[in-house]
Amino acid sequence: MSKSVLTPQADDFPRWYQEVLAKAEMAENGPGRGTMIIRPWGYGIWELVQRAMDDLIKATGHSNAYFPLFIPYNFLQREAAHVEGFSPELAVVTIGGGEELAEPLVVRPTSETVIGDAMSRWIQSYRDLPLLLNQWANVVRWELRPRLFLRTTEFLWQEGHTAHTSWDDAQAETMRILDEVYFAVIDGVLGVPVIRGRKTDRERFAGARVTYTLEGLMRDGKALQMGTSHNMGTNFAKAFDISYQSEGGTEELANTTSWGVSTRVVGGVVMAHGDDRGLRLPPLVSPVQVVVLAVKPEALDACRRLTDDIAATGVRVKLDDRTDTSFGRRAVEWELKGVPVRIELGPRDVEQGQAVVVRRDVDGKQPTPLEGFAAGMPSMLEDVQRSLYDQAVARRNEMTADVDSADAIDGPGFFRIGWDALGREDGEAKLAERAYSVRCLVKSDGSVPAPDDSDDLIAYVAKAY
RNA sequence: CGGGGCGUAGCGCAGUCCGGUAGCGCACCGGCUUUGGGAGCCGGGGGCCGCGGGUUCGAAUCCCGCCGCCCCGACCA
């Protein structure tokens with residue numbers, strides 16, 4: 001070990017975050033305010049998130065579609081709470097082709113309105129329901145304080161929009177997404193443990209009847225909202241006339257839902273797993289899962305064979321054959337990028353019939369016989385995946401405290417406090433003055449509260465990104 | 001938008017107080033020697049000193065205005 005590569009997390013976490021994004025070639029600021037250039041390494045992670053999520057979205061019966069980037073301004077105004085919530089952060093196009101537009105177009109901050117408008121035409125009968133749609137898109141929100149991945153003016157996401165015959169069906173959908181899609185991906189693929197819960201009225205999505213969330217805890221003890229799932233009830237159906245004729249012949253309003261996960265989760269992976277030497281990527285979202293580092297040119301043939309053998313097991317493996325670049329430089333580079341497993345193979349190893357395995361989730365190096373080596377890679381990657389997850393869980397638990405008074409809420413991490421002991425909305429408002437927020441409410445047994453559950457609630461409180 | 005800090009080579013910075021025609025480290029290019037934890041030596045290339053105006057013989061430096069970025073808040077996926 002020589003000079004340190006990054007500002008240590010403990011010294012200045014935001015600085016560490018920016019440095020690691022730059023040095024791992026993840027992303028950088030775009031030329032326009034608050035915009036982001038996602039470089040191949042960062043985009044590769046997002047693509048893996050997308051693939052995992054898209055598979056589950058489809059497995060739960062949804063179809064992808066695409067709706068316009070530009071939305072007539074008046075659409076936003078049709079749902080009172082929605083327009084109130086989003087107006088401050090809208091980008092509005094007033095000039096097109098050199099002419100002032102008769103009606104301004106907003107660049108979508110989210111697509112409930114355009115999709116609601118389409119749904120009103122597509123849905124006539126109860127037989128048209130449920131209508132289960134999703135789109136992968138970019139959206140724009142004029143945020144006051146952008147941060148790469150966590151809050152950028154333009155960001156990429158998926159947004160699901162569904163319509164149902166009843167409140168109960170919509171509620172079941174809202175929960176299905178929360179559990180079977182979002183939790184499955186964020187917890188199971190990104191390896192970020194999250195608390196699932198209900199948002200307070202104060203934190204609820206603009207226009208929703210109830211909002212559910214998944215809250216992760218980053219290594220600096222701040223929370224990150226990693227996804228949300230909303231039940232709109234009939235709010236948007238009323239605003240956009242999404243109605244259908246029931247089996248009994250009556251005219252009924254549909255109940256709609258919406259739910260989204262964005263490129264923010266990439267920032268979450270960085271901040272939940274990364275250490276002072278760089279990223280630590282869970283194998284399931286690492287563009288390269290195993291890198292074979294040829295120590296010297298004489299070992300290249302053996303490295304090629306090993307790389308091919310590993311590739312044959314279905315692992316994403318890359319050969320680093322840049323033997324004109326020093327060993328140390330290359331080792332540091334792969335550590336920064338967070339590749340889960342690095343294999344160092346040099347002439348000495350070849351001679352001894354071994355390779356040196358370096359796992360990013362633990363310290364130390366492990367000489368391993370080349371015989372049967374490749375076959376062991378998939379299970380080693382599973383180990384790394386589990387180990388990073390376990391470390392994140394342990395860390396989250398260490399940083400979670402039960403308190404019985406709002407006065408005891410101070411410092412990093414989650415604070416669990418009875419919703420009544422906090423003082424409900426009044427207590428929540430007081431916390432806000434100190435930059436703390438109620439991230440979500442859960443039942444005392446840890447389960448997710450129903451929309452109208454108002455007793456037996458525990459608040460998870462933290463500072464948040 | 002409130003509080004604080006900063007804009008000088010791709011990145012990180014010195015120079016600004018006290019005006020004299022731009023420098024350091026890393027990165028980059030070429031050559032040789034190297035390569036098992038960010039290699040060494042030699043030789044190179046690269047700058048509207050954030051932008052606009054003013055003062056001056058002369059401005060990175062002084063004055064005025066503007067813009068942008070970062071950190072801490074309010075807002076949020």
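Not measured: the values here are computed from a predicted model. Lettering follows sequence order; numbering is per chain, from 1.
With contacts defined as side-chain heavy-atom distances shorter than 4.5 Å, the pair A:Met26/A:Leu279 qualifies. The closest side-chain heavy-atom distance from A:Tyr460 to A:Glu215 is not below 4.5 Å. Using a 4.5 Å cut-off on side-chain heavy atoms (C-beta onward), A:Pro8 and A:Trp16 make no contact. Looking at A:Trp157 and A:Thr263, their side chains never come closer than 4.5 Å, going by heavy atoms from C-beta outward. With contacts defined as side-chain heavy-atom distances shorter than 4.5 Å, the pair A:Trp46/A:Val265 qualifies.
Residue-level contact check: A:Gly227 touches the backbone only, with heavy atoms under 4.0 Å from sugar-phosphate atoms and none from bases. Here A:Arg15 lies out of heavy-atom contact (under 4.0 Å) with every strand. Contacts of A:Arg342 with the nucleic acid, taken as non-hydrogen atoms under 4.0 Å apart, include base atoms. Heavy atoms of A:Thr152 sit under 4.0 angstrom from at least one base atom. Contact annotation for A:Ala432: backbone-only contact, meaning every heavy-atom pair under 4.0 Å involves sugar-phosphate atoms and none involves a base. Within 4.0 Å (heavy atoms only), A:Glu143 reaches at least one base atom of the nucleic acid. Within 4.0 Å (heavy atoms only), A:Gly346 reaches at least one base atom of the nucleic acid.
Listed in residue order, the members of residues 349-366 of chain A having a heavy atom less than 4.0 Å from RNA chain B are A:Asp349, A:Val356, A:Lys365.
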Q | A:Ile45 vs A:Val270, side chain to side chain contact (heavy atoms under 4.5 Å, CB included): CA-CA, chis, key distance, verdict | A | CA-CA 11 Å; A:Ile45 297 170; A:Val270 173; 6.0 Å; no
**Q.** Audit row: A:Val139, A:Phe155, side chain to side chain contact (heavy atoms under 4.5 Å, CB included) steps and yes/no
**A.** CA-CA 6 Å; A:Val139 290; A:Phe155 57 91; 3.4 Å; yes
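Counting atom types as modelled, A:Arg147 pairs no side-chain N or O with a base atom of B:C71 as donor and acceptor under 3.5 Å. Not a single donor-acceptor pair, N or O on each side, falls under 3.5 Å between the base of B:C76 and the side chain of A:Arg141. For B:G38, the base has no donor-acceptor partner in the side chain of A:Glu333 [N/O atoms by modelled type, under 3.5 angstrom].
Contact annotation: A:Gln18 reaches the phosphate of B:C71 (side-chain N/O to OP1 or OP2, under 4.0 Å).
A salt bridge between A:Arg176 and A:Glu173 is present, with a side-chain N of the basic residue lying under 4.0 Å from a carboxylate O of the acidic one. A:Lys337 and A:Glu25 are joined by a salt bridge, as a carboxylate oxygen and a charged side-chain nitrogen come within less than 4.0 angstrom of each other. The residues A:Glu159 and A:Arg108 are annotated as not salt-bridged, no charged nitrogen and carboxylate oxygen being separated by less than 4.0 angstrom. With salt bridges taken as basic N to acidic carboxylate O contacts below 4.0 Å, none links A:Asp275 and A:Arg219. Between A:Arg348 and A:Glu298 there is no salt bridge, since no side-chain nitrogen of the basic residue lies less than 4.0 Å from a carboxylate oxygen of the acidic one.
Distances were taken from every side-chain heavy atom of A:Arg348 (C-beta onward) to each of B:G73, B:G38, B:G36; the shortest belongs to B:G36.
Classification of the A:His230-A:Phe205 ring pair by plane angle, with boundaries at 30° and 60°, yields parallel.
In a base pair of the Watson-Crick type (N1 to N3 plus N6-O4 or O6-N4) or a G-U wobble (N1-O2 and O6-N3), with each distance short of 3.5 Å, B:U34 is matched with no nucleotide. The partner of B:G73, taking Watson-Crick or G-U wobble pairs whose two distances both stay under 3.5 Å, is B:C1. The partner of B:G7 is B:C67, by the rule that a Watson-Crick or G-U pair needs both atom distances under 3.5 Å. The nucleotide B:C17 finds no pairing partner, because no Watson-Crick or G-U wobble arrangement with both distances shorter than 3.5 Å includes it. Across all strands shown, B:G43 pairs with B:C29; the Watson-Crick or G-U wobble distances both stay below 3.5 Å.
When rounded to the nearest whole Å, the span between CZ of A:Phe149 and P of B:C76 equals 23 Å. Atom CD of A:Glu335 is separated from atom C1' of B:G37 by 8 Å (rounded to the nearest Å). Rounded to a whole Å, the CG atom of A:Leu431 is 11 Å from the P atom of B:A74. The CD-P distance, from A:Gln225 to B:C75, rounds to 13 Å in whole Å. Rounding to whole angstrom units, CD of residue A:Glu89 and C1' of B:C1 are separated by 15 Å. The nearest whole Å value for the distance from the CD1 atom in A:Ile177 to the C1' atom in B:A77 is 16 Å. The separation between A:Asp276 atom CG and B:G37 atom P is 21 Å, rounded to whole Å. Rounded to an integer number of Å, the gap from A:Arg277 CZ to B:G38 P is 13 Å.
Of the two residues contacting RNA chain B, namely A:Phe205 and A:Tyr436, the nearest-nucleotide position lying further toward the 5' end is that of A:Tyr436. Between A:Arg204 and A:Lys463, it is A:Lys463 whose nearest contact on RNA chain B lies nearer the 5' terminus.
Residues A:His161 and A:Ser258 bring no donor and acceptor atom of their side chains to less than 3.5 Å of each other. Defined by atom type and a distance below 3.5 Å, a donor-acceptor pair is missing between the side-chain atoms of A:Glu203 and A:Ser437.
Across B:U21 and B:G3, the matching P atoms stand 39 Å from one another, rounded to whole Å. Taking the P atoms as reference points, B:G47 lies 27 Å from B:C6, given to the whole Å. On the C1' atoms, B:C41 is 27 Å away from B:A22, given to the nearest whole Å. With P as the reference atom, B:G43 and B:G10 are 24 Å apart, rounded to whole Å. When the C1' atom is compared between B:G46 and B:G54, the two are found 32 Å apart, to the nearest whole Å. Nucleotides B:G15 and B:C24 have their C1' atoms positioned 10 Å apart, rounded to a whole Å.
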Return the polar atom pairs (N/O with N/O) between nucleotides 28-35 of chain B and the protein under 3.5 Å, or none.
{"from": "B:U35", "atom 1": "O2", "to": "A:Thr323", "atom 2": "O", "distance (Å)": "2.8"}
{"from": "B:U35", "atom 1": "N3", "to": "A:Thr323", "atom 2": "O", "distance (Å)": "2.8"}

Under-3.5 Å N/O pairs linking protein and nucleotides 66-69 of chain B:
none

